[in-house]
Amino acid sequence: MSPAFRPTPLRGCYELDCAFSADERGTFTKIHHAGWFREVTGEDLVFKESFYSRSKAAVLRGLHLQLPPAHYWKLVHCLEGEIFDVILDLRAGAGTFGRVHTLALSGENRRAVLIPPGCAHGFCVVGPRPSLVLYQVTSVHSPELDTGVLWSSVPVEWPLARPVVSARDQALPPLESYGSGIGL
């Protein structure tokens, strides 16, 4: 039982169709196995922290990242509801600086996304239901290295005309402030 990994246009970023089975009792979804990620990334990813957020309809979170040396791989799943997920490449020299990848994650499609270090991440809740999003990261959160990119400065057609955005996320620096990217 293993997921299907699909590379995205951003080097090192993968969409996953999680391993899934269903029977008369309900469903079973396997979201993590160390060997899967080693095979795809060539690295032994050890997730050191896990978080989840429950967000109401029309909420937009992000775009967040941790700067080196606290940068991390991030695995994101939407367990309930549906989100429009956004990954922004901020890596200097990656060849894709400033490029964006978007995808739909939902409890129904059981997809996930594996995001490499140096990419910012955010999402907005689509539809009337709240969303429950699980994040697993390979470093411990470092408040002094926590930053992000102003959501409205990124070349994305967000599916919400008037999202609900926190004051913190509204105050994030625009994409232009990252110059040619962050070094890793």
Side-chain angles (χ1 to χ4, degrees), residues 5 7-16 31-32 34 36-38 40-56 59-79 83-103 105 112-125 131-156 158 163-184:
F5 282 83
T8 72
L10 306 179
R11 182 179 45 83
C13 184
Y14 295 90
E15 292 183 20
L16 292 75
I31 62 173
H32 175 255
W36 298 341
F37 299 102
R38 184 180 330 102
V40 172
T41 67
E43 297 184 36
D44 287 317
L45 303 186
V46 177
F47 294 107
K48 295 185 178 178
E49 285 192 322
S50 298
F51 310 92
Y52 70 86
S53 64
R54 183 173 302 278
S55 302
K56 297 176 181 178
V59 164
L60 188 149
R61 292 182 183 260
L63 301 159
H64 304 140
L65 78 150
Q66 290 270 284
L67 295 173
H71 57 290
Y72 49 60
W73 285 87
K74 187 180 209 180
L75 182 61
V76 179
H77 301 269
C78 181
L79 303 174
I83 62 173
F84 175 77
D85 205 69
V86 176
I87 301 101
L88 169 67
D89 196 334
L90 293 174
R91 298 171 289 180
T96 50
F97 171 76
R99 289 187 56 192
V100 174
H101 180 68
T102 64
L103 68 152
L105 299 177
V113 64
L114 179 63
I115 304 166
C119 291
H121 172 257
F123 66 86
C124 65
V125 178
S131 70
L132 180 63
V133 177
L134 172 66
Y135 321 81
Q136 295 171 274
V137 295
T138 59
S139 71
V140 174
H141 182 257
S142 177
E144 63 277 3
L145 297 171
D146 188 52
T147 189
V149 178
L150 180 64
W151 68 278
S152 58
S153 71
V154 176
V156 169
W158 294 92
V164 178
V165 182
S166 72
R168 174 192 178 253
D169 288 354
Q170 286 287 29
L172 290 171
L175 176 57
E176 300 79 40
S177 70
Y178 283 88
S180 60
I182 58 174
L184 295 178

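Residue numbers start at 1 and run along the sequence shown.
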Between the side chain of Asp85 and the main-chain N/O of Phe123, is any donor-acceptor distance below 3.5 Å?
no
Determine, stepwise, if the pair Val156 / Phe84 fulfils side-chain contact (heavy atoms from CB on, under 4.5 Å).
CA-CA 11 Å; Val156 169; Phe84 175 77; 3.7 Å; yes
Residue pairs passing the salt bridge (Lys or Arg N to Asp or Glu O under 4.0 Å) test with at least one member in residues 7-16, sequence neighbours excluded, are Arg6-Glu15
Using the rule given for side-chain contact (heavy atoms from CB on, under 4.5 Å), can you reason through Leu67 versus Glu144, listing the C-alpha separation, both sets of side-chain angles and the distance that settles it, and then say yes or no?
CA-CA 9 Å; Leu67 295 173; Glu144 63 277 3; over 6 Å; no
Does any part of the side chain of Gln66, heavy atoms only, come nearer than 4.5 Å to the side chain of Lys74, both counted from C-beta?
no
Would you say the side chain of Tyr72 lies within less than 4.5 Å of the side chain of Pro117, judging by non-hydrogen atoms?
no
Where the side chain of Ser131 meets the backbone of Val133, is there a donor-acceptor pair that is under 3.5 Å apart?
no
Thr138 side chain to Trp73 backbone, donor-acceptor under 3.5 Å:
yes
Check whether Ser153 reaches the backbone of Leu175 with its side chain - one donor and one acceptor, N or O, closer than 3.5 Å.
yes
Side chain to side chain donor-acceptor pair (under 3.5 Å) between Asp89 and His101: does it pass, once the steps are laid out?
CA-CA 8 Å; Asp89 196 334; His101 180 68; over 6 Å; no
Would a 4.5 Å heavy-atom cut-off, applied to side chains only, mark Leu75 and Phe37 as touching?
yes
Supply the atom-to-atom distance Ser139 OG to Leu145 CG, rounded to the nearest 0.5 angstrom.
9.0 Å
Checking the side chain of Thr8 only, and the main-chain atoms of Leu10 only, is there a donor and an acceptor separated by less than 3.5 Å?
yes
Closest non-hydrogen atom pair between Trp158 and Cys124, with its separation:
CE3-SG, 3.8 Å
Can you list everything that forms a ring-ring contact (aromatic ring centres under 6.0 Å, His included) with Tyr135? Sequence neighbours excluded, please.
none
Taking all non-hydrogen atoms of both residues, which atom of Leu63 and which atom of Trp151 are closest, and how far apart?
CD1-CA, 4.4 Å
Just wondering, do Leu132 and Leu134 contact through their side chains at under 4.5 Å, heavy atoms?
no
Taking atom CG of Leu88 and atom OH of Tyr178, what is their separation to the nearest 0.5 Å?
9.0 Å
From CA spacing to verdict: side-chain contact (heavy atoms from CB on, under 4.5 Å), Leu45, Leu114:
CA-CA 11 Å; Leu45 303 186; Leu114 179 63; 4.1 Å; yes
